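Because the structure is a prediction, the values reported are computed rather than measured. The sequence lines fix the lettering, A, B, ..., with proteins before strands; numbering per chain opens at 1.
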Number of protein chains: 2
Amino acid sequence: MTRQEQKRASPQTRRRGDALVQSIHEAALAELAAVGLGRLTMEGIARRAGTAKTSLYRRWSAPHDVLLDAIRDEHPQEVASPAADDLRGDLLRALRQLVAWLGTPTAAAVAAIMAERRRYPELARALYERVFDARGGRFTLTVLRFYAARGHIDPARITPIVADLGEALVFKLALDADAPPSEEQLVAIVDQAILPALGLDPARRSGKS
Amino acid sequence: MTRQEQKRASPQTRRRGDALVQSIHEAALAELAAVGLGRLTMEGIARRAGTAKTSLYRRWSAPHDVLLDAIRDEHPQEVASPAADDLRGDLLRALRQLVAWLGTPTAAAVAAIMAERRRYPELARALYERVFDARGGRFTLTVLRFYAARGHIDPARITPIVADLGEALVFKLALDADAPPSEEQLVAIVDQAILPALGLDPARRSGKS
DNA sequence: CTTTTAAGATACGTGTCCGTATCTTAATCG
DNA sequence: CGATTAAGATACGGACACGTATCTTAAAAG
């Protein structure tokens, strides 16, 4: 056993550098979920992260700064690639992905900031500038554009309202029920709202025969 | 000049009874809008109402109680009566009414509670029980049912998703822009989303010729 | 190994809010 | 008018968080 191995055998008690920052980020998101924006404190984040306030103040001047960094680090986002010949399936996949994201601590943080954007305008602005552009990240828009480019959809149908449909309904359902929409509800969103709005109404097509 | 008129001539400095409660209610809603649920305090409400904490504690034990009473008192709601032969116009009227309500302090309070329902479940529950049933108050549903009963709409089209469409889009637009949707946007919601979902697609109808 | 770095622990004065207690006094009642 | 009621003002001890300062010590560097 070399001296290096002996050193490894003793359990580490302190986190340093990136490991510590990662822990603090996770703690910030969890603390936000627990207490909300108005009650987010350095003491709370530090307590939850199991670290000292000094470690936080060495890097950030306020809890909102910690939160923004946490969101940015946890936010990497990939939108599913459309299949090419299954509009309905791809819309469903996109909505499922949205629902999956809604279950993350990051989504909860983004929602909290959006909900209180009038009270914390600087925070909301910083979210846009430092994390994402507000109009980006539409899960269904990628799919719609993909199929319009291939001639499956009349491009004139892809208006801002139609592009917003899927997300608006998912958010509303989630808010009303305080639970993610079911697969059945996602299917209903696609079949009863999105496709009709695109001029591809399943109820009308089956009624053709 | 009688003694009663003399008494009226001296400016009153204190509010009593209902007048005081009304002031406190308004203050509670305004304070909530300013600081949010997490920072709503008795001291804040009292300060804003220009009264003493004792006056609050004589009636309520916590700021959330004040808030609930304020919402209930300010919440009376009337949905516009449909016209009978103007589905599109009535849907627009209903959406305008929703937008008008969204501009009230009460709506902001309801939104705040809904946004933080996971952090304040008791408060959210009390909102449902003491103020309104969660599934009530759908602005467009009254219109849809009215026209279905008259045969203008296939009742099978009025699914929960379709019933939710208008409100979901209005909420999303308002949230994204931090401003009420414009009249043009309301028109787009009706023409591009609601009517197609009802099988009454304007774009398809005009394409008939 | 020693030195350096930064993580962690704690103290401190200040400010805000809580909920209760006490008192003064405007407004209403009889 | 006097008596009663409740509105308003203020004090108080305790809890919590702030941001800064100081010190100890684990971990990394050389």
What pairs with A:R118 under salt bridge (charged side-chain N to carboxylate O under 4.0 Å, His left out), at least two apart in sequence or on another chain?
-> B:D178

Could you tell me whether the phosphate oxygens of C:dG8, OP1 or OP2, come under 4.0 Å of any side-chain nitrogen or oxygen in A:R16?
-> no

Can you check the B:L20 CG to C:dA26 P distance for me, whole Å?
-> 17 Å

Contacts of type salt bridge (charged side-chain N to carboxylate O under 4.0 Å, His left out), residue B:D65, not counting sequence neighbours | none

Indicate whether any N or O donor in one side chain lies under 3.5 Å from an N or O acceptor in the other, for B:R125 and B:Y120.
-> no

Toward the 5' end of DNA chain D, by each residue's nearest nucleotide, B:G17 or B:K53 = B:G17

Sequence neighbours excluded, every pair satisfying salt bridge (charged side-chain N to carboxylate O under 4.0 Å, His left out) that has a member inside residues 18-33 of chain A = A:E31-A:R48

Between A:E74 and A:T106: side-chain donor-acceptor atoms closer than 3.5 Å | no

Rounded off to whole Å, could you give me the CG-to-C1' distance for the B:D18 and D:dA7 pair?
-> 15 Å

Under 4.0 Å between a side-chain N/O of B:Q12 and OP1 or OP2 of D:dA7, yes or no?
-> no

Between D:dA28 (P) and A:R14 (CZ): distance, integer Å = 11 Å

When all nucleic acid strands are considered with a 4.0 Å heavy-atom cut-off, which category describes B:T54: base, sugar-phosphate, or nothing?
-> base

Is the backbone N or O of A:S55 less than 3.5 Å from a side-chain atom of A:R59, with the two atoms forming a donor-acceptor pair by type?
-> yes

C:dG8 OP1/OP2 closer than 4.0 Å to side-chain N/O of A:T13 = no

Proximity to DNA chain C (any heavy atom under 4.0 Å), residues of residues 22-52 of chain A only | A:T51, A:A52

For the residue pair A:Y147 and A:H152, categorise the inter-ring angle as parallel (less than 30°), tilted (30 to 60°) or perpendicular (more than 60°).
-> perpendicular

Those residues at least two apart in sequence (or on a different chain) that pass ring-ring contact (aromatic ring centres under 6.0 Å, His included) with B:F171 are none

Has A:R145 got more than 12 heavy atoms of other residues, nucleotides or ligands less than 6.0 Å from its CZ?
-> no

Which residues in residues 55-68 of chain A have at least one heavy atom lying under 4.0 Å from any atom of DNA chain D?
-> A:Y57

